[in-house]
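This chain uses plain numbering: 1 for the first residue, then up along the sequence.
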Amino acid sequence: MSLLQASSKIAILGGGLMGRLLALALAQRGHPIDLYDAHGPQGDGAAARVAAAMLAPLAESAITEPGVVRMGQHALKRWPELIGQLSQHVFLQQNGTLILWHRQDQADAARFFGLLEKNRRINPSLPAMEEKIGAELQACEPAMQGRFSQGVYLPGEGQLDNRQLLAALVDKLQSLGVALHWESPREISDFQPGEAGQPDFVFDCRGLGARTQWKDLRGIRGEVVRIHAPEVTLQRPTRLIHPRYPIYIAPKEDHLFVIGATEIESDDMSPASVRSTLELLSAAYTVHPGFAEGRIVEIATQCRPTLPDNLPAVRLLAPRVMEVNGLYRHGFMISPAMLDVVLELVDHNDSPLAREFDVAVHRP
């Protein structure tokens, strides 16, 4: 049984990544949409704006659950389809991930790759890691010439430009006639869905903005540096294994790089600390000295919405209301799967994908 009738009027709370994707999918089905967000169209209050937007299910399998890994594999197929619906250019690359380490960190690297191999046995559809030594590494990533003697390549993994995507989604929503209410925070209690003059259904995708509804929701702070470095020519996301400050470097277009690592149990939204910034920059410099001549475009912080088990969830606890939250640090990697779970629930009040991905669906 479908939760929505034809041309149901819908209110979506939260205009971050999940809210924009859902608004697009439902608007394309002919539903009138009102999208409300506490901030502006640039996504200033959204975790999605301060993200590297890597699509790396094998790399992330070392630290997350198999269901999240399966969602990441789903996303690698779905993102080209979703981006293909948009009118504006969005950088999308599926050129794999390169993992590097310094000689003194060999033991940490061995432990990390042991976890990856264990997870490949659990999920055999994950691609095999490819060890790159000497000339093979230089051929895989010419920018590493003479800097590292060995690395591991994870084929098929990808990334996209998060800010281009957020802007392109707004452009598409406008073209579809979605009513966009920026600087307009709303609570579920502001609506009486189904009553005269009210929306027929409400979707809550507010992330940390929904803490009045999700009492156990917490923030996980992340810090990233965006650098323009013309001398650096990395061709794919690169991760450095390090006991104190492992980092990722995600190259976007025009020699723009997003560098991050820190993950702190905190709702603190204050600027990045000097220590964490120095650690990020120092680690990036050890990967490629060309970063020394780069220009710091931005140092940004944001908190990711996280539930106690670090897994996403959907709730249908009130009539005509669906809540989606807890995407944690995997927003871009799992949002297409979460979108498809929600659409299955909308269409059938059931979701085989939720069971495949181990997504909790809470009901009264």
Task: Atom of Cys303, atom of Ala47 and distance for their closest heavy-atom approach - done: O-CB, 3.9 Å
Task: Sequence-distant partners of Asp216, side-chain contact (heavy atoms from CB on, under 4.5 Å), two or more places apart - done: Trp214, Leu307, Pro308
Open item on the list: Quick one, Arg20 and Leu166 - any side-chain contact, counting heavy atoms below 4.5 Å?
Closed with: yes
- [ ] Dump the intermediate steps for side chain to side chain contact (heavy atoms under 4.5 Å, CB included) on Leu100 and Gln150, then the final yes or no.
- [x] CA-CA 7 Å; Leu100 302 170; Gln150 59 184 331; over 6 Å; no
Task: Trace of the salt bridge (charged side-chain N to carboxylate O under 4.0 Å, His left out) decision for Arg29 with Asp347 - done: CA-CA 11 Å; Arg29 294 179 172 205; Asp347 289 339; 2.6 Å; yes
TODO: Spell out, yes or no, whether Phe357 and Leu55 are grouped together once hydrophobic residues are joined by side-chain heavy atoms under 4.5 Å, including indirect joins.
DONE: yes
Open item on the list: For Gln85 and Gln28, which I'm curious about, is there any donor-acceptor pair between the side chains at under 3.5 Å?
Closed with: yes
TODO: Evaluate the criterion side chain to side chain contact (heavy atoms under 4.5 Å, CB included) for residue pair Val170 and Leu180; output intermediate values, then yes/no.
DONE: CA-CA 9 Å; Val170 169; Leu180 302 173; 4.1 Å; yes
Open item on the list: Do Leu92 and Phe332 sit in one hydrophobic cluster, given that two such residues count as connected whenever their side-chain heavy atoms are within less than 4.5 Å of each other, even indirectly?
Closed with: yes
Task: pair Ile249-Pro237: side-chain heavy atoms closer than 4.5 Å - done: no
- [ ] Check whether any side-chain N or O of Asn123 sits under 3.5 Å from a backbone N or O of Arg120 as a donor-acceptor pair, and report yes or no.
- [x] no
Task: Partners meeting side chain to side chain donor-acceptor pair (under 3.5 Å) with Glu253 (sequence neighbours left out) - done: His89, Gln164
TODO: Would you confirm whether Glu223, through its side chain, and Ala261, through its main-chain N or O, come within 3.5 Å as a donor-acceptor pair?
DONE: no
TODO: Take Glu131 and Ile133 through the side chain to side chain contact (heavy atoms under 4.5 Å, CB included) test and state the conclusion after the steps.
DONE: CA-CA 7 Å; Glu131 187 175 10; Ile133 299 175; 3.3 Å; yes
- [ ] Apply the side chain to side chain contact (heavy atoms under 4.5 Å, CB included) test between Pro57 and each candidate in Gln73, Arg70, Met71; give the one that qualifies.
- [x] Gln73
Task: Sidechain-backbone polar pair: Ser8 side chain, Leu4 backbone, donor-acceptor under 3.5 Å - done: no
Open item on the list: Test your reading of the model: is there a side-chain donor-acceptor pair from Asn325 to the backbone of Gly207, 3.5 Å cut-off?
Closed with: yes
Open item on the list: Walk me through whether Asp37 and Arg206 qualify under salt bridge (charged side-chain N to carboxylate O under 4.0 Å, His left out).
Closed with: CA-CA 8 Å; Asp37 193 83; Arg206 290 176 294 160; over 6 Å; no
Open item on the list: Let me confirm one number: the CG-CG distance from Leu35 to Leu26, rounded to the nearest 0.5 Å.
Closed with: 11.0 Å
Task: Thr277 side-chain N/O to Ser273 backbone N/O, donor-acceptor pair under 3.5 Å - done: yes
- [ ] Measure the shortest side-chain to side-chain distance between Pro251 and Gln235 over non-hydrogen atoms and say whether it is less than 4.5 angstrom.
- [x] no
- [ ] Would you indicate whether the side-chain heavy atoms of Leu86 and Asp171 approach each other to under 4.5 Å?
- [x] no
- [ ] Taking salt bridge (charged side-chain N to carboxylate O under 4.0 Å, His left out) as the test, write out the residues that go with Glu231, two or more places apart.
- [x] none
- [ ] Using distance alone, with no hydrogens and no angle criterion, decide if Lys172 and Gln88 have a side-chain donor and acceptor under 3.5 Å apart.
- [x] no
Task: Parallel, tilted or perpendicular: rings of Phe201 and Phe203 (30°, 60°) - done: tilted
Task: Hydrophobic cluster identity match, Ile188 and Phe191, side-chain contacts under 4.5 Å - done: yes
Open item on the list: Could you tell me if Glu60 and His330 have a donor-acceptor pair between their side chains, going purely by distance under 3.5 Å?
Closed with: yes
Task: Any donor-acceptor N/O pair, Arg320 side chain to Asp200 backbone, under 3.5 Å - done: yes
Open item on the list: According to a hydrophobic-cluster definition based on side-chain heavy atoms being under 4.5 Å apart (Ile, Leu, Val, Met, Phe, Trp, Tyr only), do Val232 and Ile99 belong together?
Closed with: no
TODO: Return yes if a side-chain donor-acceptor contact under 3.5 Å exists between His102 and Thr286, otherwise no.
DONE: yes
Task: Minimum side-chain heavy-atom gap Val224-Gln302 below 4.5 Å - done: no
Open item on the list: If we ignore hydrogens and angles and just use 3.5 Å, is the side chain of Glu157 paired with the main-chain N or O of Leu58 as donor and acceptor?
Closed with: yes
Could you go through residues 9-17 and list every donor-acceptor pair under 3.5 Å that involves a side-chain atom there, pairing it with any protein atom two or more places apart or in another chain?
none

Open item on the list: When you measure from the side chain of Arg304 to the backbone of Ile220, do you find a donor-acceptor pair of N or O atoms at a distance under 3.5 Å?
Closed with: yes
- [ ] Using a 4.5 Å cut-off on heavy atoms from C-beta on, say whether the side chain of Pro305 contacts that of Tyr328.
- [x] no
Open item on the list: Using the rule given for side-chain hydrogen bond (donor to acceptor under 3.5 Å, both in side chains), can you reason through Lys252 versus Gln159, listing the C-alpha separation, both sets of side-chain angles and the distance that settles it, and then say yes or no?
Closed with: CA-CA 9 Å; Lys252 308 304 180 184; Gln159 62 161 329; 2.8 Å; yes
Open item on the list: Please tell me whether Leu76 and Leu353 are part of a single hydrophobic cluster in this structure, the criterion being side-chain heavy atoms less than 4.5 Å apart.
Closed with: yes
Open item on the list: For His181 and Asp34, which I'm curious about, is there any donor-acceptor pair between the side chains at under 3.5 Å?
Closed with: yes
Open item on the list: As an exercise, state the distance from CG of Asp350 to CD of Glu344, rounded to the nearest 0.5 Å.
Closed with: 7.5 Å
TODO: For Asp340 and Arg78, run salt bridge (charged side-chain N to carboxylate O under 4.0 Å, His left out): C-alpha distance rounded to whole Å, both residues' side-chain angles, the deciding distance at 0.1 Å, then the answer.
DONE: CA-CA 10 Å; Asp340 292 343; Arg78 282 289 277 140; 2.8 Å; yes
Open item on the list: Measuring only between side-chain heavy atoms, which start at C-beta, is Val69 closer than 4.5 Å to Leu126?
Closed with: yes
- [ ] Only counting residues at least two apart or in another chain, list the ones meeting side chain to side chain donor-acceptor pair (under 3.5 Å) with Glu356.
- [x] none
Task: Close side-chain approach of Leu316 to Leu3, heavy-atom, < 4.5 Å - done: yes
- [ ] Verify side chain to side chain contact (heavy atoms under 4.5 Å, CB included) between Val68 and Asp358, making sure each step is shown before the conclusion.
- [x] CA-CA 8 Å; Val68 173; Asp358 300 326; over 6 Å; no
Open item on the list: Donor-acceptor check, side chain of Asp254 to backbone of Leu256, threshold 3.5 angstrom: yes or no?
Closed with: no
TODO: Using distance alone, with no hydrogens and no angle criterion, decide if Glu141 and Thr238 have a side-chain donor and acceptor under 3.5 Å apart.
DONE: no
TODO: Calculate, to the nearest 0.5 Å, the distance between atoms CG and OG belonging to Leu115 and Ser61 respectively.
DONE: 8.0 Å
Open item on the list: Give me each pair satisfying ring pair (Phe, Tyr, Trp, His ring centres under 6.0 Å) with a member in residues 281-317, each pair once, sequence neighbours excluded.
Closed with: Phe257-Phe291
Open item on the list: Applying the ring pair (Phe, Tyr, Trp, His ring centres under 6.0 Å) criterion to Trp101, which one of Phe148, Phe113, Phe112 satisfies it?
Closed with: Phe113
Task: Backbone of Leu317 reached by a side-chain donor or acceptor of Arg363 within 3.5 Å - done: no
Task: Sidechain N-carboxylate O distance under 4.0 Å for Arg211, Asp267 - done: yes
Task: Spacing of His362 atom NE2 and Arg315 atom CZ [to the nearest 0.5 Å] - done: 7.5 Å
